Novice: 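Once you've had a glance at the structure underneath, I'll fire off some questions.
Remember, it's a predicted structure, so these values are computed and weren't measured experimentally. Computed over heavy atoms, backbone and side chain alike; hydrogens, waters and symmetry mates excluded.
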Amino acid sequence: MLTMKKIINKKYISLYILSTALFFMLTPLFGGVVPATCHWDCHWYSYIANHGYGKYSHLYQTMIGMGDWCFFPLYILMIKGFSYLSTLSVQASGLIINNIILFFIPYFLIKYNEIRKCNLDNAVIIFLSFFSIFCLWDRIQYTECVYGILLLISLYNFYKRNMSALMASIFLLSFCRPTGFVVGLILSFFLMKEAGFKNIIAKKYDFMSYALVALVGFSAIGLYSLYLYHLMGDGLAFSHAQIAWERKFRIPVVVAWNYLKHLHGMHLFVSFLIDIVIIWYAYKRKYCVEATILLFTFLISSSTSLMSIHRYIWGCPLTIIVVADFLKQQKFRHSLVYGACVVSFVSSSIIWFMGLKYLF
């Protein structure tokens with residue numbers, strides 16, 4: 001069994017320091033650390049952390065009709081608490097929190113690789129985690145990093161059958177994003193499936209413990225709904241607020257076709273196709289649990305809009321597992337893989353710092 005000392009070695013630490021230094025060394029060219037990294041959703045998180053959730057939708061020119069209720073509270077509470085203790089701004093606090101958590105993402109991926117018996121190259125996993133486009137959203141003031149590590153902890157406890165720890169991580173995951181509840185449903189289903197549905201119903205204790213995995217996620221969303229009902233009278237405001245972002249339920253293919261017809265949305269359509277290939281390959285390689293989580297994340301997002309579709313899949317640590325498996329099967333030279341990773345890391349960082357909308 002790999003210990004923390006064996007995983008977090010000098011090479012691991014050196015790659016983290018080098019990638020983090022390179023990331024922040026680029027920011028002065030774009031106005032400084034916070035101005036370069038804080039765009040779009042970061043401003044929403046910062047506003048909520050500073051002023052709290054509003055009772056009404058916004059009337060600003062760029063936010064007319066938009067409410068802040070669709071941003072779930074876990075990450076906001078974290079940056080607000082860190083800001084209070086450190087006296088730093090909430091933007092700087094979010095940046096520090098995410099870059100600290102990012103340090104442990106490859107560790108949990110490697111532990112997951114070990115318990116899942118994927119036999120993937122740990123060096124490739126570390127490099128993809130620190131030095132590629134996949135880590136962009138983990139470094140900036142977004143929820144990807146917190147959600148990602150909670151997802152990995154949930155899956156680790158799922159395979160270890162640590163039910164209490166699994167329920168706790170699913171609760172936090174659902175308090176971070178509503179898709180955490182979906183992850184709980186998926187893991188609950190696979191727990192029952194692997195135990196055998198007929199056998200599990202006969203064993204009432206096991207059935208209840210597996211069902212609770214899904215219910216704790218629902219309870220986290222329920223708590224947030226109760227807060228919203230107390231605040232402004234609509235417990236489902238986090239869902240209703242999506243309309244202002246023009247997110248209306250449609251068949252994903254129809255949504256994708258609408259983006260294909262407009263050239264300005266071509267990059268999102270390309271991301272849509274790449275996401276499908278990633279999910280298909282995951283199923284092909286028998287990563288059934290991982291692929292199902294990616295599939296439902298993809299369907300929920302693409303059924304309303306392709307906005308941020310790349311971030312929801314590429315920013316998920318499970319995609320690193322799938323990509324690492326693909327690279328292993330293709331037997332690419334490590335130097336070629338590492339070079340491509342660095343190019344994607346630097347180019348995506350610059351695109352983000354410039355405030356271009358291709359990666360938000």
Novice: Tell me whether Ser303 contacts the main-chain N or O of Pro252 through its side chain, where contact means a donor paired with an acceptor under 3.5 Å.
Specialist: no

Novice: Please report the C-alpha distance between Val322 and Leu318 in whole Å, then the side-chain angles of each, then the deciding distance to 0.1 Å, and finally whether the side-chain contact (heavy atoms from CB on, under 4.5 Å) criterion is met.
Specialist: CA-CA 7 Å; Val322 178; Leu318 298 182; 5.6 Å; no

Novice: Can you list the steps and then say if Asp275 with Thr319 is a side-chain contact (heavy atoms from CB on, under 4.5 Å)?
Specialist: CA-CA 9 Å; Asp275 293 347; Thr319 300; over 6 Å; no

Novice: Indicate yes or no: at least one non-hydrogen side-chain atom of Phe24 is less than 4.5 angstrom from one of Leu95.
Specialist: yes

Novice: Does Arg161 form a side-chain contact (heavy atoms from CB on, under 4.5 Å) with Phe158? I'd like the steps, not just the answer.
Specialist: CA-CA 5 Å; Arg161 296 298 188 268; Phe158 165 77; 4.2 Å; yes

Novice: Which residues pass the salt bridge (charged side-chain N to carboxylate O under 4.0 Å, His left out) test with Glu144, not counting sequence neighbours?
Specialist: Arg177, Arg311

Novice: Is there a continuous path of hydrophobic side-chain contacts, each under 4.5 Å between heavy atoms, that joins Ile101 to Ile110?
Specialist: yes

Novice: Should Tyr107 and Leu18 be regarded as members of a common hydrophobic cluster, given that ILVMFWY residues are connected when their side-chain heavy atoms come within less than 4.5 Å of each other, either directly or indirectly?
Specialist: yes

Novice: Measure across Cys38 and Gln91 and return the closest heavy-atom pair with its distance rounded to 0.1 Å.
Specialist: SG-CG, 3.8 Å

Novice: Verify, without hydrogens or angle tests, whether Tyr142 (side chain) and Asp41 (backbone) share a donor-acceptor contact under 3.5 angstrom.
Specialist: yes

Novice: Any idea which heavy atoms bring Pro317 and Leu109 closest together, and the distance?
Specialist: O-CD2, 3.6 Å

Novice: Quick check: does any side chain N or O of Ser225 sit under 3.5 Å from a backbone N or O of Leu236, one acting as donor and the other as acceptor?
Specialist: no

Novice: Ignoring hydrogens and geometry, is there a side-chain-to-backbone donor-acceptor pair from Trp69 to Gly54 under 3.5 Å?
Specialist: yes

Novice: With sequence neighbours left out, write down each residue that passes side chain to side chain contact (heavy atoms under 4.5 Å, CB included) with Asp325, or none if nothing qualifies.
Specialist: Leu120, Tyr281, Arg285, Tyr287, Gln329

Novice: I'd like to check Ile274 versus Ile313 (side-chain heavy atoms, cut-off strictly below 4.5 Å). Are they in contact?
Specialist: no

Novice: For Tyr338, run the ring pair (Phe, Tyr, Trp, His ring centres under 6.0 Å) check against Phe127, Phe131, Phe345, Phe130 and tell me which one passes.
Specialist: Phe127

Novice: Do Lys328 and Asp121 have side chains that approach each other closer than 4.5 Å (heavy atoms only, starting at C-beta)?
Specialist: no

Novice: So Leu173 and Leu151, side-chain contact (heavy atoms from CB on, under 4.5 Å) or not? Walk me through it.
Specialist: CA-CA 7 Å; Leu173 195 68; Leu151 177 60; 4.2 Å; yes

Novice: Quick one: CD1 on Ile320 to CG on Leu327, what's the gap to the nearest 0.5 Å?
Specialist: 11.5 Å

Novice: Return the minimal non-hydrogen interatomic distance between Val216 and Phe171, and the atom names on each side.
Specialist: O-CD1, 3.5 Å

Novice: Might you confirm whether atom NZ of Lys10 has over 12 heavy atoms from other residues, nucleotides or ligands at distances under 6.0 Å?
Specialist: no

Novice: Check Ile79 against Gly94 and note the closest heavy-atom contact, atom names and distance.
Specialist: CG2-CA, 3.4 Å

Novice: Donor-acceptor pairs are to be reported for all side-chain atoms of residues 350-360 against protein atoms at under 3.5 Å, with residues two or more places apart or in another chain.
Specialist:
| unit_1 | atom_1 | unit_2 | atom_2 | d |
| --- | --- | --- | --- | --- |
| Trp352 | NE1 | Thr37 | O | 2.9 |

Novice: Check whether Ser347 reaches the backbone of Ser344 with its side chain - one donor and one acceptor, N or O, closer than 3.5 Å.
Specialist: yes

Novice: Supply the atom-to-atom distance Ile97 CD1 to Tyr75 OH, rounded to the nearest 0.5 angstrom.
Specialist: 6.5 Å

Novice: Which value, rounded to the nearest 0.5 Å, describes the distance between Ser271 atom OG and Tyr259 atom OH?
Specialist: 11.0 Å

Novice: Quick check: is Leu273 connected to Ile278 through a chain of hydrophobic side chains (ILVMFWY, heavy atoms under 4.5 Å apart)?
Specialist: yes

Novice: Is there a side-chain contact between Ile221 and Phe238, using heavy atoms and a 4.5 Å cut-off?
Specialist: yes

Novice: Any link between Val254 and Leu268 through a network of hydrophobic side chains (Ile, Leu, Val, Met, Phe, Trp, Tyr) touching at under 4.5 Å?
Specialist: no

Novice: For Phe190, I'd like to know if atom CZ has over 12 heavy atoms of other residues, nucleotides or ligands within 6.0 Å.
Specialist: yes

Novice: Using modelled atom types and a 3.5 Å cut-off, is there a donor and acceptor pairing between side-chain atoms of Ser154 and backbone atoms of Leu150?
Specialist: yes

Novice: Using atom types as modelled, flag every donor-acceptor pair under 3.5 Å from a side chain in residues 289-296 to any protein atom, sequence neighbours excluded.
Specialist:
| unit_1 | atom_1 | unit_2 | atom_2 | d |
| --- | --- | --- | --- | --- |
| Glu290 | OE1 | Arg116 | NH2 | 3.4 |
| Glu290 | OE2 | Tyr112 | OH | 2.1 |
| Glu290 | OE2 | Arg116 | NE | 2.8 |
| Glu290 | OE2 | Tyr159 | OH | 3.4 |
| Thr292 | OG1 | Tyr283 | OH | 2.9 |
| Thr292 | OG1 | Cys288 | O | 2.6 |

Novice: Taking atom types as modelled, is there a side-chain donor on Tyr156 or Ser169 under 3.5 Å from an acceptor on the other?
Specialist: no

Novice: Can you check whether Arg250 reaches Thr304 side chain to side chain, under 4.5 Å on heavy atoms?
Specialist: no

Novice: Give a yes or no on whether the ring-centroid distance for Tyr53 and Tyr224 is below 6.0 angstrom.
Specialist: yes

Novice: With a 4.5 Å heavy-atom cut-off, do Val255 and Ser302 have their side chains touching?
Specialist: no

Novice: According to a hydrophobic-cluster definition based on side-chain heavy atoms being under 4.5 Å apart (Ile, Leu, Val, Met, Phe, Trp, Tyr only), do Val343 and Leu128 belong together?
Specialist: no

Novice: I'd like to know whether NE2 of His230 has more than 12 heavy-atom contacts from other residues, nucleotides or ligands below 6.0 angstrom.
Specialist: no

Novice: Please name the pair of heavy atoms, one in Ala241 and one in Gly67, separated by the smallest distance, quoted to 0.1 Å.
Specialist: CB-O, 4.2 Å

Novice: To the nearest 0.5 Å, how far apart are CD1 in Ile140 and CG in Asn99?
Specialist: 10.5 Å

Novice: Is the shortest side-chain heavy-atom distance between Ser86 and Ser93 below 4.5 Å?
Specialist: yes

Novice: Would you give the length of the straight line joining atom CD1 of Ile96 to atom CD of Gln141, rounded to the nearest 0.5 angstrom?
Specialist: 10.0 Å

Novice: Assess the side chains of Arg139 and Ser19: does a donor N or O sit below 3.5 Å from an acceptor N or O?
Specialist: yes

Novice: Taking all heavy atoms of Ala256 and all of Phe269, pick out the closest pair and write down the distance.
Specialist: O-CD1, 3.5 Å

Novice: Begin with the C-alpha distance, continue with both residues' side-chain angles, and end with the deciding distance and a verdict on ring pair (Phe, Tyr, Trp, His ring centres under 6.0 Å) for Phe103 and Tyr16.
Specialist: CA-CA 7 Å; Phe103 179 81; Tyr16 173 77; 5.0 Å; yes

Novice: Determine whether Tyr147 and Thr179 satisfy the following criterion, side chain to side chain donor-acceptor pair (under 3.5 Å), listing intermediate values before the conclusion.
Specialist: CA-CA 10 Å; Tyr147 184 84; Thr179 47; 3.1 Å; yes

Novice: State which residues pass salt bridge (charged side-chain N to carboxylate O under 4.0 Å, His left out) with Lys80; sequence neighbours excluded, sorted by chain then number.
Specialist: none

Novice: Apply ring pair (Phe, Tyr, Trp, His ring centres under 6.0 Å) to Phe134 and list each qualifying residue two or more places apart in sequence or on a separate chain.
Specialist: none

Novice: Any side-chain heavy-atom pair from Val146 and Asn98 closer than 4.5 angstrom?
Specialist: yes

Novice: As an exercise, state the distance from CD1 of Ile8 to CG of Leu2, rounded to the nearest 0.5 Å.
Specialist: 11.5 Å

Novice: Looking at Phe71, is its backbone amide N or carbonyl O close enough to the side chain of Tyr45 to form a donor-acceptor pair, meaning the two atoms are under 3.5 Å apart?
Specialist: no

Novice: Evaluate whether atom CD1 of Ile251 has more than 12 neighbouring non-hydrogen atoms of other residues, nucleotides or ligands under 6.0 angstrom away.
Specialist: no

